[in-house]
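Let me begin by presenting the structure, written as structure tokens, before commenting on it.
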Amino acid sequence: MEIRTRFAPSPTGFMHLGGLRTALYNYLFARKMGGKFILRIEDTDQDRYVEGATEVIYDTLKGCGINWDEGPDVGGPCGPYVQSERKSLYLPYAKQLVEKGAAYYCFCTKEELDERRAAAEAKGEVFKYDKHCLNLSKEEIEEKLASGIPYVIRMNCPTTGESTYHDVVFGDMSFPNDTLDDMILIKADGMPTYNFANVVDDHLMGITHVMRGMEYLSSTPKYNLLYNAFGWEIPEYVHLTTVMRDSQHKLSKRDGDAYYSDFIEKGYLKEALINYLALVGWNPGDEREFFTMDELVEAFDINRLNNAPGIFDMDKLTWFNAEYIRKMPFEDYLATVTPWFDKVLAGTNTDYRRLAELMQSRTEVFNRVPDMVRFLAEMPEYDLELYYNKKMKSDSQVALENLQFILPVLESIPEWTETVIHDKVMEAIAAAGKKNGAVLWPLRIAISGQASTPGGAFEIAYLLGREETMKRLNAALGKLSENA
RNA sequence: GGCCCCGUGGUCAAGCGGUUAAGACAUCGCCCUUUCACGGCGGUAACUCGGGUUCGAGUCCCGACGGGGUCACCA
């Protein structure tokens with residue numbers, strides 16, 4: 001039998017990382033098994049409609065290399081793949097259930113229900129619909145229906161016994177039936193609820209494996225009741241654990257760390273993000289950590305899914321990102337980092353190519369780049385303390401002396417290239433019998449104003465250019481002698 | 001609160017009755033080196049707690065504690 005999985009997001013305008021991982025796992029499993037991966041848009045809540053939200057879903061998935069075989073844009077044998085376009089299809093199914101006694105019309109208004117719920121909560125009880133409308137006579141129902149009183153259709157859950165099902169990651173799950181609420185299948189506006197549409201669509205679309213977040217663990221018995229009432233085959237369930245920010249919080253919108261777009265904007269690479277995400281809650285069973293999408297497909301196994309929630313570790317993601325950046329072909333890195341250089345170096349004539357060579361092994365996340373190179377555009381304020389470095393045998397006194405020593409050497413450099421600067425300076429240092437560090441450390445501080453820089457004195461001097469280097473050097477000398 | 005799930009270092013995580021309890025990130029130290037980064041080497045650090053079962057328990061059972069989920073005309 002062909003394996004068919006699906007990702008069924010609702011268009012909210014954002015792609016949550018947890019959702020992305022769900023999509024990824026569905027995709028990986030389908031590909032691994034040679035099956036089909038379906039994209040379905042669940043937009044039955046008209047109040048939540050967001051303009052352009054489906055495009056966000058398409059773009060994110062496509063950008064990550066998660067391609068679907070059937071979906072709203074590519075079509076397929078089970079279309080349409082947007083729930084709002086399937087609206088008319090659900091009511092007949094609900095009515096079928098009513099005829100079978102597995103569901104019933106309910107005329108209780110939302111307000112009445114809210115009141116009863118509040119009353120129950122006030123008493124510290126769990127509110128459960130009391131099946132009030134189940135007791136209506138056929139005549140009463142006909143009459144209300146005929147007079148146009150708004151209604152919903154609810155499922156009729158058993159109140160005794162227990163429901164059991166098997167989940168691939170959690171094993172056998174068992175729930176007392178008296179905890180099951182008669183959930184609404186068709187809303188007063190005629191639209192199906194998520195709960196109902198989901199079951200009907202999964203069946204109609206031939207979904208064999210339902211992979212979704214574990215928040216559905218406890219409503220699954222109700223879905224199974226529905227499948228059974230219809231006489232449909234129950235799919236395999238694969239409930240995925242939640243991706244957490246820390247042990248008590250999910251990844252949240254508030255912290256700006258929940259959405260795919262947040263990470264892309266910060267300068268995380270989608271390959272790194274996908275790679276890391278795949279590993280939160282799943283592992284290949286060996287020690288591999290780096291995976292291309294194809295390798296992920298090859299290695300993926302739903303039996304190795306973890307059943308304990310995983311915390312999304314920003315540090316580890318950042319490490320993955322840095323590793324991916326280091327492995328980027330240089331030209332790709334240059335192209336990607338250029339706009340980040342531009343943020344602070346746009347007016348300068350900095351050699352981006354050379355800077356990029358220096359920066360590639362030092363870039364963890366692209367949004368950290370501007371702060372690292374800003375000193376090239378503008379000499380930062382710095383403290384004289386920076387000249388002190390025990391290991392380099394440098395302090396402000398030594399700095400003054402050695403900077404005065406190196407100034408004429410630099411002035412006489414015939415050609416301002418890195419190698420010439422390097423050779424001439426090293427020559428002079430050796431000739432004077434000085435220590436490399438005692439000259440080079442102060443020099444780098446003098447022209448960068450920073451304790452650490454991407455590259456040493458020669459690289460920075462080259463990048464700055466002769467004019468700017470001399471300008472900064474003279475300024476440093478002034479500052480040093482002033483305080484001597 | 002009812003019901004359900006989960007519990008190995010700070011984090012991810014291997015382990016499926018007998019191991020010196022892997023590995024990765026983070027952290028710390030050393031080496032390389034004109035800083036930082038990269039790279040190399042090494043260190044610190046864990047089975048939530050009680051009871052059982054067993055010759056033997058991180059692995060099985062029960063309980064406690066802790067964390068999470070769910071109880072909508074949201075999905």
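Treat the numbers as computed from the prediction; the structure is a model and nothing was measured. In what follows, chains are A, B, ... by sequence order, proteins preceding strands, each numbered from 1. Excluded from the calculations below are hydrogen atoms, water molecules and symmetry mates; all remaining heavy atoms, backbone and side chain alike, are included.
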**Request:** Could you work out the separation of B:rG67 and B:rU8 based on their P atoms and round it to a whole Å?
**Result:** 15 Å

**Comparing A:Y276 and A:R304 on RNA chain B - which has the more 5′ nearest nucleotide** = A:Y276

**Request:** For nucleotides B:rA45 and B:rA37, find the distance between their C1' atoms and express it as a whole number of Å.
**Result:** 26 Å

**Complete:** Stem ranges of RNA chain B by first residue number, counting only runs of at least 3 Watson-Crick or G-U pairs under 3.5 Å, come to B:1-7 with B:65-71, B:10-12 with B:23-25, B:27-31 with B:39-43, B:48-52 with B:60-64

**Item:** Touch class at under 4.0 angstrom, heavy-atom based, for A:A188 against every strand present
**Value:** base

**Message:** Regarding A:F458, tell me which of base, sugar-phosphate or nothing describes its non-hydrogen contacts under 4.0 Å with the strands shown.
**Reply:** base

**Prompt:** Is A:E215 atom CD crowded by more than 12 heavy atoms from other residues, nucleotides or ligands, each under 6.0 Å away?
**Reply:** yes

**Request:** Between B:rG10 and B:rA46, how far apart are the C1' atoms? Round to whole Å, please.
**Result:** 11 Å

**Request:** Search all heavy atoms of A:T241 against all heavy atoms of A:P309 and return the closest pair with its distance.
**Result:** CB-CA, 3.8 Å

**Prompt:** Can you tell me how far P in B:rU44 sits from the matching atom in B:rA24, rounded to whole Å?
**Reply:** 14 Å

**Request:** Provide, to the nearest angstrom, the distance between the CD atom belonging to A:E357 and the P atom belonging to B:rC38.
**Result:** 18 Å

**Asked** Between B:rC6 atom P and A:D167 atom CG, what is the distance in whole Å?
**Response** 10 Å

**Request:** Take A:S394 and A:N389, measure what side-chain hydrogen bond (donor to acceptor under 3.5 Å, both in side chains) needs, and give me the verdict at the end.
**Result:** CA-CA 5 Å; A:S394 165; A:N389 185 302; over 6 Å; no

**Request:** Just compare B:rC73, B:rU35, B:rC3 and give me whichever is closest to any side-chain atom of A:P176.
**Result:** B:rC3

**Message:** Is the phosphate of B:rC71 approached by A:K222 (side-chain N or O, under 4.0 Å from OP1 or OP2)?
**Reply:** no

**Request:** Could you check whether A:K391 gets within reach of a base, just the sugar-phosphate, or nothing at all, counting any heavy atom under 4.0 Å?
**Result:** base

**Request:** Measure from the side-chain heavy atoms of A:D315 and tell me the nearest of B:rC25, B:rA75, B:rA14.
**Result:** B:rC25

**Message:** Between A:Y81 and A:D201, is the side-chain hydrogen bond (donor to acceptor under 3.5 Å, both in side chains) condition met? List the steps.
**Reply:** CA-CA 9 Å; A:Y81 292 88; A:D201 287 343; over 6 Å; no

**Asked** Using the C1' atom in both, what is the distance from B:rU11 to B:rG51, to the nearest Å?
**Response** 31 Å

**Item:** Rounded C1' spacing from B:rU59 to B:rG7 in Å
**Value:** 14 Å

**Asked** Under 4.0 angstrom, heavy atoms only, what part of the nucleic acid is A:M173 near: base, sugar-phosphate, or nothing?
**Response** sugar-phosphate

**Lys NZ or Arg CZ of A:K131 over A:Y104 ring: under 6.0 Å, within 45°** = no

**Request:** Look at A:T44 and B:rA75 and indicate whether a side-chain polar atom (N or O) is within less than 4.0 Å of OP1 or OP2.
**Result:** yes

**Request:** Check the angle between the aromatic planes of A:Y223 and A:Y216 and answer parallel, tilted or perpendicular using the 30° and 60° thresholds.
**Result:** tilted

**Asked** With nearest nucleotides of RNA chain B determined for A:W282 and A:E323 from heavy-atom distances, which residue corresponds to the more 5′ nucleotide?
**Response** A:W282

Please tabulate the protein-to-nucleotide N/O contacts below 3.5 Å involving nucleotides 19-23 of chain B, giving atom names and distances.
residue: B:rA22; atom: N3; partner: A:E287; partner atom: OE2; Å: 3.4
residue: B:rG23; atom: O4'; partner: A:E287; partner atom: OE2; Å: 3.3

**Request:** Return the minimal non-hydrogen interatomic distance between A:V238 and A:V169, and the atom names on each side.
**Result:** CG1-CG1, 3.8 Å

**Asked** Between B:rC38, B:rC73, B:rC4, which one does the side chain of A:R154 approach most closely?
**Response** B:rC73

**Request:** Pick the C1' atom in B:rC61 and in B:rG69, then give their distance to the nearest Å.
**Result:** 25 Å

**Exceeds 12 heavy-atom contacts within 6.0 angstrom, atom NZ of A:K434** = yes

**Request:** Round to a whole Å and report the spacing from CD1 of A:I311 to C1' of B:rC25.
**Result:** 13 Å

**Message:** For B:rC38 and A:R362 - does any side-chain N or O of the residue sit under 4.0 Å from the phosphate oxygens OP1/OP2?
**Reply:** no

**Asked** OP1, OP2 of B:rA14 versus side-chain N and O of A:N306: anything below 4.0 Å?
**Response** yes

**Asked** Of all the choices, B:rA75, B:rC6, B:rC25, which nucleotide is nearest to the side chain of A:E42 once you look at every atom?
**Response** B:rA75

**Request:** Start with the C-alpha gap between A:R354 and A:E418, add the side-chain angles, then the distance that decides, and say whether salt bridge (charged side-chain N to carboxylate O under 4.0 Å, His left out) holds.
**Result:** CA-CA 10 Å; A:R354 180 62 184 134; A:E418 221 175 285; 2.7 Å; yes

**Request:** Would you mind classifying the nucleic acid contact of A:T109 as base, sugar-phosphate or nothing, using non-hydrogen atoms under 4.0 angstrom?
**Result:** base

**Request:** Return the value, rounded to whole Å, for the distance between atom CG of A:L277 and atom P of B:rA24.
**Result:** 22 Å

**Request:** Would you please test A:D351 and A:Y462 for side-chain hydrogen bond (donor to acceptor under 3.5 Å, both in side chains) and show each step?
**Result:** CA-CA 9 Å; A:D351 180 347; A:Y462 162 70; 2.6 Å; yes

**Fill in**
A:E121 atom CD is separated from B:rA72 atom P, nearest whole Å, by 8 Å

**Message:** Within the 4.0 Å heavy-atom criterion, would you say A:G281 contacts the bases, only the backbone, or no part of the nucleic acid?
**Reply:** sugar-phosphate

**Asked** How long is the line joining CD of A:E459 and P of B:rA37, in whole Å?
**Response** 15 Å

**Message:** So for atom NE2, which belongs to A:H132, do other residues, nucleotides or ligands contribute more than 12 heavy atoms lying within a distance under 6.0 Å?
**Reply:** no

**Asked** On a whole-Å scale, what distance lies between the P atoms belonging to B:rG43 and B:rC60?
**Response** 31 Å

**Item:** Contact letters for nucleotides 63-70 of chain B, in which S counts primed atoms plus P, OP1 and OP2 and B counts the base, heavy atoms under 4.0 Å
**Value:** ----SSSS

**Message:** Run A:C106 and A:Y129 through side-chain contact (heavy atoms from CB on, under 4.5 Å) and show every step you take.
**Reply:** CA-CA 10 Å; A:C106 173; A:Y129 185 63; 3.2 Å; yes

**Item:** Whether A:Y259 and A:H16 hold their rings parallel, tilted or perpendicular, with breakpoints at 30° and 60°
**Value:** perpendicular

**Message:** For B:rC73 and A:R117 - does any side-chain N or O of the residue sit under 4.0 Å from the phosphate oxygens OP1/OP2?
**Reply:** yes

**Prompt:** Parallel, tilted or perpendicular for A:F320 and A:Y324, by the 30°/60° rule?
**Reply:** tilted

**Message:** Check this for me: A:Q404, atom CD, are more than 12 non-hydrogen atoms of other residues, nucleotides or ligands nearer than 6.0 Å?
**Reply:** yes

**Message:** If the cut-off is 4.0 Å, is A:N307 near the phosphate of B:rC5, judged by side-chain N/O to OP1 or OP2?
**Reply:** no

**Asked** For the pair made of CE in A:M372 and P in B:rA37, what is the distance, rounded to whole Å?
**Response** 10 Å

**Between B:rC36 (C1') and A:M392 (CE): distance, integer Å** = 11 Å

